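Every heavy atom of this structure was used, including side-chain atoms; hydrogens, water molecules and symmetry mates were not. Just so it is clear, the model here is predicted, and its values are computed rather than measured. Residue numbers start from 1 in every chain, and the chains themselves are labelled A, B, ... in the order their sequence lines are given, proteins ahead of strands.
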2 protein chains.
Amino acid sequence: MKSAAKPRRSTCPFDYALEVFGDRWTLLVLRDLLFSGKRHFREFCASEEGIATNILTDRLKKLEAWDMVSRSRDPESGRQVIYHLTDKGLALTPAMLEIIRWSAKYDPEGCASTAFIRRIKRDRDGLVAEIIAKARRARRDSPEQSD
Amino acid sequence: MKSAAKPRRSTCPFDYALEVFGDRWTLLVLRDLLFSGKRHFREFCASEEGIATNILTDRLKKLEAWDMVSRSRDPESGRQVIYHLTDKGLALTPAMLEIIRWSAKYDPEGCASTAFIRRIKRDRDGLVAEIIAKARRARRDSPEQSD
DNA sequence: CCGGATCCGTTTCGATACTG
DNA sequence: CAGTATCGAAACGGATCCGG
């Protein structure tokens with residue numbers, strides 16, 4: 001991910017996560033994959049934040065190169081491309097939930113107390129497990145796995 | 001933070017966190033504040049990632065504008081400026097620890113099992129409390145609070 | 001049509017040199 | 001030491017085009 005350029009390392013291995021968490025569009029795609037169940041190129045495009053197609057392509061490629069997203073194709077209705085999170089991608093769930101929790105706490109527009117947020121506070125670990133299990137099921141039930 | 005431009009909102013309030021977590025340099029500054037106890041402009045500059053001074057100024061200003069960082073000045077040795085995390089900034093600790101945990105798990109350079117990482121796995125909540133308490137103490141003991 | 005590549009004008013970012 | 005000014009490089013957004 002970081003082409004072994006940096007020799008030194010601080011107390012915590014944070015650099016590795018920087019390209020994932022340090023990029024706005026990457027985070028948005030991950031959010032959509034984790035919490036909105038989006039799977040298709042056009043669905044990501046439809047996010048209200050309005051990601052451009054070239055940017056989306058780039059980020060999906062990066063995520064795939066990092067083994068965080070897998071790319072498959074519906075063999076029947078040939079032209080549908082489906083994106084799934086790998087286990088490495090799904091492992092971001094706890095971090096993403098903590099970010100959402102912080103966001104909900106301080107967002108002045110304060111849509112703070114959705115059921116989702118309350119669930120994070122009350123039963124974080126259960127929620128993590130549920131999200132991951134659901135995503136794995138969706139991935140397994142998906143048409144075909146390519147490459 | 002987001003000047004009330006977007007009318008609609010998805011399931012989770014994620015947008016609010018995007019400017020914080022979607023920016024590489026902001027994350028690095030926060031990391032240094034949280035885990036390295038850095039307080040001075042020059043200390044952030046000295047990070048191995050090599051942040052440029054104008055970028056650092058910009059990000060510190062943003063963090064201050066978001067009430068995540070407070071800026072004070074040593075009244076004795078006049079020209080020293082000291083930065084501290086506010087409680088809002090400190091509230092990022094759980095999210096940052098989860099990011100570090102993920103990072104440690106998948107970083108191929110695998111400096112995975114430092115004492116710090118083990119501590120995250122074993123006693124996350126205790127570690128969060130400890131980090132926050134320590135930062136609050138440092139903030140209180142600091143020379144003066146300005147503005 | 002869907003997924004994606006390409007081109008291009010504009011904006012933002014960031015490295016360096018410089019200043020109070 | 002903390003921060004600004006300058007300017008080239010990179011990223012972005014939007015439109016358009018292309019292959020299956």
*Specify the separation, in whole Å, of atom CZ of A/Phe41 and atom C1' of C/dG3.*
6 Å
*Expressed in angstrom and rounded to an integer, what is the separation of B/Arg73 atom CZ from D/dC1 atom C1'?*
10 Å
*Name all residues meeting the side chain to side chain contact (heavy atoms under 4.5 Å, CB included) criterion together with B/Lys38; count only those two or more places apart in sequence or in a different chain, and write none if there are none.*
B/Asp32, B/Ser36, B/Glu43, B/Phe44, B/Ser47
*Identify, with sequence neighbours excluded, every residue that meets side chain to side chain contact (heavy atoms under 4.5 Å, CB included) alongside B/Ala138.*
B/Arg39
*Quantified as the angle between the terminal helix axes (five pairs each), what is the overall bend of the helix from C/dC1-D/dG20 to C/dG20-D/dC1 to 10 degrees?*
30°
*B/Lys61 side chain near D/dA2 phosphate (N/O to OP1/OP2, under 4.0 Å)*: no
*ring pair (Phe, Tyr, Trp, His ring centres under 6.0 Å) involving A/Tyr106 - partner list, sequence neighbours excluded*: A/Trp102
*Rounding to a whole Å, what distance do you find between A/Leu56:CG and C/dG3:C1'?*
10 Å
*Okay, side chain of B/His40, backbone of B/Val81: is any donor-acceptor separation there less than 3.5 Å?*
yes
*Determine: side-chain N/O of B/Gln80 to OP1/OP2 of D/dC1, distance under 4.0 Å, yes or no.*
no
Check: residues 124-135 of chain B side-chain donor-acceptor pairs under 3.5 Å, at least two apart:
from, atom 1, to, atom 2, distance (Å)
B/Arg124, NH1, A/Glu98, OE2, 3.1
B/Arg124, NH1, B/Glu98, OE2, 3.2
B/Arg124, NH2, A/Glu98, OE2, 3.4
B/Glu130, OE1, B/Arg119, NH1, 3.2
B/Glu130, OE1, B/Arg119, NH2, 3.0

*For the pair made of CZ in B/Arg42 and P in D/dC1, what is the distance, rounded to whole Å?*
6 Å
*asked:* Once side chain to side chain donor-acceptor pair (under 3.5 Å) is applied, do any residues pair with A/Asp23, and if so which ones, sequence neighbours excluded?
replied: A/Thr26, A/Arg59
*State which residues pass salt bridge (charged side-chain N to carboxylate O under 4.0 Å, His left out) with A/Arg101; sequence neighbours excluded, sorted by chain then number.*
none
*Letter per nucleotide, 5' to 3', of nucleotides 13-20 of chain C [B base touched, S only sugar-phosphate touched, - untouched; heavy atoms, 4.0 Å]*: -BBBB---
*By side chain to side chain contact (heavy atoms under 4.5 Å, CB included), which residues pair with B/Asp87, not counting sequence neighbours?*
B/Leu90, B/Arg136, B/Arg139
*With a non-hydrogen cut-off below 4.0 angstrom, is B/Tyr83 in contact with a base, only sugar-phosphate, or nothing?*
sugar-phosphate
